[in-house]
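Encoded as structure tokens, the structure appears first; notes follow it.
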Amino acid sequence: MKDNLLTPTSTSSSNGRMIIAISLTLFAFLIELYNGNTRILNLNNTILHKTFTNTTLLSFPSLTTITILLTLTLLLTLLLHIHRLQQTVSKSSIPGLPATPHAQFLFGHYGSLVHPSSHQTLFRSSATPSGITSLWGPGLKVCASVLKAEHVRLVLRHTPSRDFSSFVVRHGRKTLGKDSLVLIEGGKEWRRTRNVVQKAFTIGAIEGGRGAVGECAVAMVGWLMTMVDGEEQQRYCANGCNGHKCVQDTETGKDRNVVCLDVEYFFKLFSLDVFGRVTMDYDFECLKKATSIDNNNDNHHDNNNNKTTCTCFTSPPEAAAFEYLERDVGVRASPKNLLNPLIQCYWLPTKHNREYHANLKLVNTLMEEVIGLKLDEFLSRVRQRQLEPKQKQERGGDGDEEEEHNMITMMLRSVMEQYYQQQPKDQQKQQQHHHQNNTSSSSCPFSSSTTTSFQESDIPTTTMTKSDRTQIINNVSHILHTLLVAGYETTAVSLSYTMYCLSKHPRCQDRACEEARRVLPTLNDTTKFDEDALPYCKAVITEALRVHTPVIFTTRVSSKDLTLDTDDDGGMVTIPKDTRFIIHPTMVHLDERNFDRAEEFLPERWVRWENGGWVDRDFEKERKLADGAASDEAATAAAASTTPTPPPSPLSDKYTKENSHADTISAANPQSFFAFSDGARNCIGRRLAIMEMTIFVAVLFRDMCVDLAEEGYELVKERRFVILAPNTLPIAFWKRDD
């Protein structure tokens, strides 16, 4: 008798045949469905007929059979889905653009984006002649990159919207607060928060901080000169930090005392001191709290790598806490830690989480104390003015002028304006009634709160509730913490790159020295320091930022279709709405389409020598001359005025050939410079950053020189979240002999 599927003796073999048959059927079904073919029934019947020649599928399969079938079905479905995703990412994300290779089916090109070594290939290998690249983001997100300056300006200026990874937003808000400006993707919330911060970063407030910046710069350079002169401190030579007390100058034959530092942390102390003095009206005293060299513990020489770590400071608690929290967001949002519960869960009692909470508490406590003190001072001044007679208020005194140049006061005023204007009307009326019952009716705290203007009389100086006070302090604290995170490390890294560039170009040190000594004959009155009077020093900073931009990339999400040219022959491509643009500033700055001799470090592309001093170059004027747009007579006169004449100084005579080569560079277009982004979402602290870095460079090179402290040193950059910083950068400092 032939076996029947219902008999016990045939159960095992029949289940096996059933698994094979249904698996083949599912496989054929999925293959045909994937290929868009609906001719499936005939194939199914054929497979079933050949497998079960004498019976029908009337028997009920066992639980094991069902489990195996479901598993196979899921695996086949998953494999086919992965195959389809892989085929999708192998094509271009944007029709009309070439496909960019090496995309992963799950994360797209994200794996290449997080590795700086692959950026050159990623952004250039598959780009159109105009520099447009199609990319895939995680979850098959359509992305694109542009390198042409005109395209970059168009993208950055047409919308402030950008999107973030949910992990970045989650961990960023844990540290910076839910209303952090850098984490808001766009819309009304972003515009409202940006407006609050913008009111504090006025030109007057920033210029009022020049004296504080100058004092910090003079203190830092003074410490360096003390280290060079101090007999009790160990010296480091400029050719490898091998522990010599002095190094012989090859030009003069004299012994030279040199101090070597791994400069990034040195500049972080400077940046934090400046931030505290200018933005918070508070002195962190980082340099004073940092200890001097520990010859036994802090300097370690690696004989194998010929590398010395010259860390000459003990980190002050505030600086260490800010540093830890800044790095923590990058660590928790790193792809390698996304599935690590010990990193992702803040409530777990791990060492990492304990350190995080301790540092966050230290920072929050410090911020609350400083802001609370400034709030009390501000309310006291407002209360005093409210009680003064009207004629005294109209006289215009020094107090008002001082407040307008005090950034923390202006930020408090701006935050309170936003806070009280957003309160519900019934709550405002309730507080107004309470205020009228306890104080004079002449100063109503919400008299103008329902209008667009906010008056000083709207501030409840005597009836501010504890919850209101706490909320205002928290809002200001989140803003300051965000500004610190955005500018603290980037400023230090920028100055580090500047030292590296100037170490490679001593002729630029001499020109900076000439300008600093001419503009700053004395360092006694720091309030007269003006970065606008130091165009060459500012050009040095700008050029260093162009060649080595600290921020790896910035993003925007297009709010409409954008039509861009793909080549010089009239080719066009339409980038669809909601495309995520990835802008890589360094790649843009080193593109020959945007800057002449883009790979070279040439501050002279931004300034020229004229009438006994350096002046900013006029790109539009020089371009018109080059294009022949002006008349012959005007062109001749203008060309004569723009012909570079080297400064008459013995310092410049040492580098006549190099200076002549640099002076022939064409003018750079400031509109092609994106180190501080562009458009509505540009860096709000740009002017302050340029001011502090320019003043520091002028004060430093007025009396000192720098050089690389390791023989054969090669710059190696490492990725720190969104920052690209030197792995280590030992720089030797010494006094000028001239």
Regarding [X] and [Y], is there a side-chain donor-to-acceptor distance under 3.5 Å anywhere?
X      : Y      : answer
Thr586 : His548 : no
Ser334 : Asn337 : no
Thr554 : Ser677 : no
Tyr346 : His171 : yes
Tyr419 : Asn475 : no

Tell me whether [X] forms a cation-pi arrangement with [Y], defined as NZ or CZ under 6.0 Å from the six-membered ring centre and within 45 degrees of its axis.
X      : Y      : value
Arg687 : Phe676 : no
Arg686 : Phe201 : no
Lys717 : Tyr497 : yes
Lys289 : Phe284 : no

Any side-chain heavy atom of [X] sitting closer than 4.5 Å to one from [Y]?
X      : Y      : answer
Trp190 : Arg681 : yes
Tyr282 : Phe275 : no
Glu326 : Phe721 : no
Met464 : Arg469 : yes

CA sep, side-chain torsions, deciding dist, call: Ser558, His158, side-chain hydrogen bond (donor to acceptor under 3.5 Å, both in side chains): CA-CA 8 Å; Ser558 58; His158 100 281; 5.2 Å; no

Residue that, paired with Arg210, satisfies side chain to side chain donor-acceptor pair (under 3.5 Å) out of Asp530, Thr526, Thr527: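 One option only clears the test, and that one is Asp530.
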
Stepwise side-chain hydrogen bond (donor to acceptor under 3.5 Å, both in side chains) check, Asp328 with His352: CA-CA 9 Å; Asp328 180 78; His352 184 91; 2.7 Å; yes

Lys/Arg-Asp/Glu bridge criterion (N-O < 4.0 Å) met for [X], [Y]:
X      : Y      : result
Glu489 : Arg327 : yes
Arg720 : Glu718 : yes
Arg556 : Asp678 : no

Whether His584 and Phe123 hold their rings parallel, tilted or perpendicular, with breakpoints at 30° and 60°: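 Taking Phe123 first and then His584, their aromatic rings stand perpendicular (interplane angle over 60°).
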
Whether Phe696 and Phe267 hold their rings parallel, tilted or perpendicular, with breakpoints at 30° and 60°: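 Rings of Phe696 and Phe267: perpendicular, as their planes differ by over 60°.
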
Whether Asp262 side chain and Leu729 backbone form a donor-acceptor pair below 3.5 Å: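 Here the side-chain-to-backbone pair exists.
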
Ser477 vs Asn474, side-chain hydrogen bond (donor to acceptor under 3.5 Å, both in side chains): CA-CA, chis, key distance, verdict: CA-CA 5 Å; Ser477 177; Asn474 288 340; 5.8 Å; no

With sequence neighbours left out, what residues match [X] under salt bridge (charged side-chain N to carboxylate O under 4.0 Å, His left out)?
X      : result
Glu215 : Arg277
Lys504 : none
Lys538 : Asp532

